[in-house]
Amino acid sequence: MRILILGGDGYLGWPTAMRFSSRGHDVHVVDNYLRRRAHEEAGTDSLTPIAEDLGARVRAWREVTGREIGVTEGDLTDWEVVRGVFASFRPEAIVHYGEMPSAPYSMRDRDHAVFTQTNNVVGTLNVLWAMRDLAPDAHLVKLGTMGEYGTPNIDIEEGYLEIHHNGRTDVLPFPKVPGSMYHLSKVHDSHNIHFACRVWGLRATDLNQGVVYGIHTDETQLDERLLTRFDYDDVFGTALNRFCLQAVIGHPLTVYGKGGQTRGYLNIVDTLQCVELAVNHPAEPGEFRVFNQFTEQFSVLELAELVQKAGAQVGLEVEVRSVENPRVELEEHYYNARHTKLLDLGLRPHLLSETLIGSMFETIERYRDRVDVAHILPRDRWRPPDR
Ligand code: NAD
Ligand code: USQ
């Protein structure tokens with residue numbers, strides 16, 4: 001199959017490109033290095049040393065496996081870039097990771113909020129128009145987020161909710177109450193994609209993914225030049241990845257507030273499995289399919305305690321310390337999100353264990369001299385200072 005990976009230089013995009021290529025698919029990646037530039041501007045960097053650009057990555061991939069991956073260095077918000085790639089590559093499936101993914105980044109100030117929403121919403125609109133005019137039979141697999149739903153006081157369904165109102169019944173999109181300007185951009189995308197399916201007959205799967213953790217996939221382990229990025233800083237690092245690194249370097253684990261914030265989590269190897277399942281089982285023409293993509297729920301405090309326990313097993317003394325929560329979010333709440341559709345398609349979850357955390361410790365230890373401790377405590381606050 002011809003598979004286009006948008007955001008193919010990212011934490012998840014690069015391993016996904018290698019996975020599909022290793023299966024014999026014809027893979028082409030697009031990226032404008034937004035993520036690398038954002039780190040350069042902030043003075044932060046991936047813990048893992050990654051190849052200098054996509055050219056170097058695909059050369060290493062060719063040397064190691066004999067397989068080719070095509071590259072376009074370009075911006076998805078530039079219509080000519082998107083039109084050109086669709087016209088020449090003619091994708092049968094599009095895996096869309098190519099967005100600004102950080103909630104703290106999007107909440108920093110007006111510029112970062114406007115940039116995040118413009119980048120994400122306009123890029124996705126360009127993809128939808130390119131599909132409409134150049135690849136109407138292709139299947140869009142779009143990375144959304146569990147954060148689109150927020151933390152409602154009812155069970156979260158997969159995309160849709162049956163509603164009974166004044167004696168009538170309908171199945172409607174599940175209400176969305178997200179917690180950051182970034183998460184909101186994903187809600188806007190979902191509405192636009194749903195519209196394109198209803199009105200133009202496109203086919204799409206929205207993967208409402210939870211928080212991803214992990215460093216390695218089968219392909220990243222083949223050669224050090226094939227490593228994916230692993231971020232631990234306050235802006236791009238995510239909860240469990242940060243906690244594992246903090247444990248290794250002897251920094252107290254940064255639990256924000258009371259730590260009862262509960263989210264869905266999954267291993268990066270399961271991200272690849274889920275995306276592959278979605279691509280191999282496409283939505284029908286006109287269908288906007290929504291899967292909740294995570295394997296387990298944890299509160300932040302539960303995660304921190306798991307890391308502490310795993311640390312004790314390998315002789316690390318790990319302190320869990322609450323820091324003032326920079327975000328506006330519920331710190332104690334009900335959370336029960338359905339996630340059966342990917343299991344029904346055959347997902348075999350790799351669940352979080354102390355052994356797995358131990359193996360993350362080992363990889364982090366290997367690169368610990370690259371850690372900059374100045375970028376661990378959170379700085380971006382959701383509320384203006386005088387509120
Ligand atoms: P990432 O930043 O590493 O990957 C996104 C890639 O897209 C980057 O390489 C970036 O340079 C590129 N990109 C962004 N805007 C672009 C544009 N306008 N044109 C071309 N390229 C562009 O992030 P990630 O963690 O790999 O996340 C990938 C996707 O999955 C994102 O959409 C994110 O919102 C979603 N997601 C991630 C997680 C997680 O825990 N990592 C969880 C849920 C959803
Ligand atoms: N948290 C801490 N301490 C930390 C970091 C985070 O307590 O050091 C807490 C946060 O306050 C939050 C929870 O952990 O309650 C998750 O935060 P996170 O930074 O790991 O994840 P989030 O900001 O939600 O964003 C990440 C990805 C994003 C993706 C999202 C999936 O960056 O791209 O969409 O996870 S989800 O959370 O399901 O919306």
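Atoms within each ligand, like the ligands themselves, are counted from 1 in listed order. Because only heavy atoms are used, hydrogens play no part in the values below, and waters and symmetry mates are left out as well, while side chains stay in. Positions are given from 1 along the sequence.
- Panel note: side chain D170, backbone L172; no donor-acceptor pair is recorded below 3.5 Å.
- In terms of polar-atom proximity, Q246 is not counted as a contact of ligand 2, lacking any N or O under 3.5 Å from an N or O of the ligand.
- With atom 26 (C) of ligand 2 as the reference point, the heavy atom nearest to it among N241, N208, T238 is part of T238.
- Protein heavy atom at the shortest distance from atom 32 (O) of ligand 2 is P101 O, 3.3 Å.
- Remark: aromatic rings of F174 and Y149 are close, center separation under 6.0 Å.
- Partner of T124 under the side-chain hydrogen bond (donor to acceptor under 3.5 Å, both in side chains) criterion, chosen from K142, K186, E99: E99.
- The pair K176-E148 meets the salt-bridge criterion, with a side-chain N (NZ, NE, NH1 or NH2) lying under 4.0 Å from an Asp/Glu carboxylate O.
- Taking a cutoff of 4.0 Å between a charged side-chain nitrogen and a carboxylate oxygen, E80 and R83 qualify as a salt bridge.
- Side-chain contact between F195 and H191 is absent, with no heavy atoms from C-beta onward closer than 4.5 Å.
- Set against the non-hydrogen atoms of G210, the atoms of ligand 2 under 4.0 Å away are 31 (C), 38 (O).
- Residue contacts with ligand 2 for M146 involve both N, CA, C or O and side-chain atoms from C-beta outward (heavy atoms, distance under 4.0 Å).
- At a 4.0 Å cut-off, at least one heavy atom of Q209 sits close enough to ligand 2 to count as contact.
- Where the criterion is an N or O separation shorter than 3.5 Å, residue side chain and backbone included, A103 fails it with respect to ligand 2.
- Ranking the protein heavy atoms by distance from atom 35 (O) of ligand 2 puts V211 CG2, 3.6 Å first.
- Residues H28 and V85 come closest through the heavy atom pair CD2-CG1, 4.3 Å.
- Heavy-atom proximity to R263, at under 4.0 Å, picks out these atoms of ligand 2: 15 (O), 37 (O).
- Summarising the geometry of R203 relative to M131, their closest heavy-atom pair is O-CE, 4.0 Å, with the distance given to 0.1 Å.
- At a heavy-atom cutoff of 4.0 Å, ligand 2 is contacted by the side chain of H183 but not by its backbone.
- Heavy atoms from both the backbone and the side chain of T254 come within less than 4.0 Å of ligand 2.
- At a 4.0 Å heavy-atom cut-off, ligand 2 does not touch F236 at all.
- No heavy atom of F294 sits closer than 4.0 Å to any atom of ligand 2.
- Salt-bridge check for E329 with R263: passed, with a basic side-chain N closer than 4.0 Å to an acidic carboxylate O.
- Of the protein's non-hydrogen atoms, R327 NH1, 3.6 Å is the one closest to atom 17 (O) of ligand 2.
- When atom types are taken as modelled, the side chain of Q209 and the backbone of T271 share no donor-acceptor pair closer than 3.5 angstrom.
- In terms of modelled atom types and a separation under 3.5 Å, the side chain of H96 and the main chain of G98 share a donor-acceptor contact.
- Near G147, with a cut-off below 4.0 Å to any heavy atom, the atoms of ligand 2 are 36 (S), 38 (O), 39 (O).
- Expressed to the nearest 0.5 Å, how far CH2 of W14 lies from CD of E219 amounts to 10.0 Å.
- Any N or O atom pair closer than 3.5 Å counts here, and E329 shares at least one such pair with ligand 2.
- On a distance-only criterion, G264 and ligand 2 share no N/O pair closer than 3.5 Å.
- For ligand 2, the atoms lying closer than 4.0 Å to a non-hydrogen atom of Q261 are 11 (O), 15 (O).
- When only non-hydrogen protein atoms are considered, atom 7 (O) of ligand 2 lies nearest to Y256 N, 2.9 Å.
- Taking CG of D233 as the start and CG of L377 as the end, the distance is 12.0 Å to the nearest 0.5 Å.
- Protein heavy atom at the shortest distance from atom 13 (C) of ligand 2 is V300 CG2, 4.1 Å.
- Nearest non-hydrogen protein atom to atom 20 (O) of ligand 2 is A239 N, 2.7 Å.
- Side-chain atoms of N325 do not come within 3.5 Å of backbone N or O of K258 as any donor-acceptor pair.
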Apply salt bridge (Lys or Arg N to Asp or Glu O under 4.0 Å) to E157 and R338, showing your working.
CA-CA 5 Å; E157 301 298 323; R338 189 184 291 276; 2.7 Å; yes

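- Looking at ligand 2, you won't find any N or O of G144 less than 3.5 Å from one of its N or O atoms.
- In this structure, R229 CZ and D9 CG are separated by 7.5 Å, a value rounded to the nearest 0.5 Å.
- Remark: the H339 side chain and the T295 side chain contain no N/O donor-acceptor pair separated by less than 3.5 Å.
- For atom 34 (O) of ligand 2, the closest non-hydrogen atom of the protein is Y182 OH, 2.6 Å.
- Proximity of a side-chain donor or acceptor of T220 to a complementary backbone N or O of L226 within less than 3.5 Å is not detected.
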Protein N/O near ligand 1 N/O, under 3.5 Å, which pairs?
from	atom 1	to	atom 2	distance (Å)
ligand 1	2 (O)	R35	NH1	2.8
ligand 1	3 (O)	Y11	N	2.8
ligand 1	3 (O)	R35	NH1	3.1
ligand 1	9 (O)	G10	N	3.3
ligand 1	9 (O)	D31	OD1	3.3
ligand 1	9 (O)	D31	OD2	2.7
ligand 1	11 (O)	D31	OD1	2.6
ligand 1	11 (O)	L34	N	3.0
ligand 1	11 (O)	R35	N	3.1
ligand 1	15 (N)	G98	O	3.4
ligand 1	15 (N)	N119	ND2	3.1
ligand 1	18 (N)	D75	OD1	2.9
ligand 1	18 (N)	N119	OD1	2.7
ligand 1	19 (N)	L76	N	2.9
ligand 1	21 (N)	N32	N	3.3
ligand 1	21 (N)	N32	OD1	3.1
ligand 1	23 (O)	R35	NH1	3.3
ligand 1	26 (O)	Y11	N	3.4
ligand 1	26 (O)	L12	N	2.9
ligand 1	32 (O)	Y97	O	3.2
ligand 1	32 (O)	K186	NZ	2.7
ligand 1	34 (O)	Y182	OH	2.6
ligand 1	34 (O)	K186	NZ	3.0
ligand 1	40 (O)	V212	N	2.9

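- Here the shortest heavy-atom distance to atom 30 (C) of ligand 2, taken over V323, T145, T151, belongs to T145.
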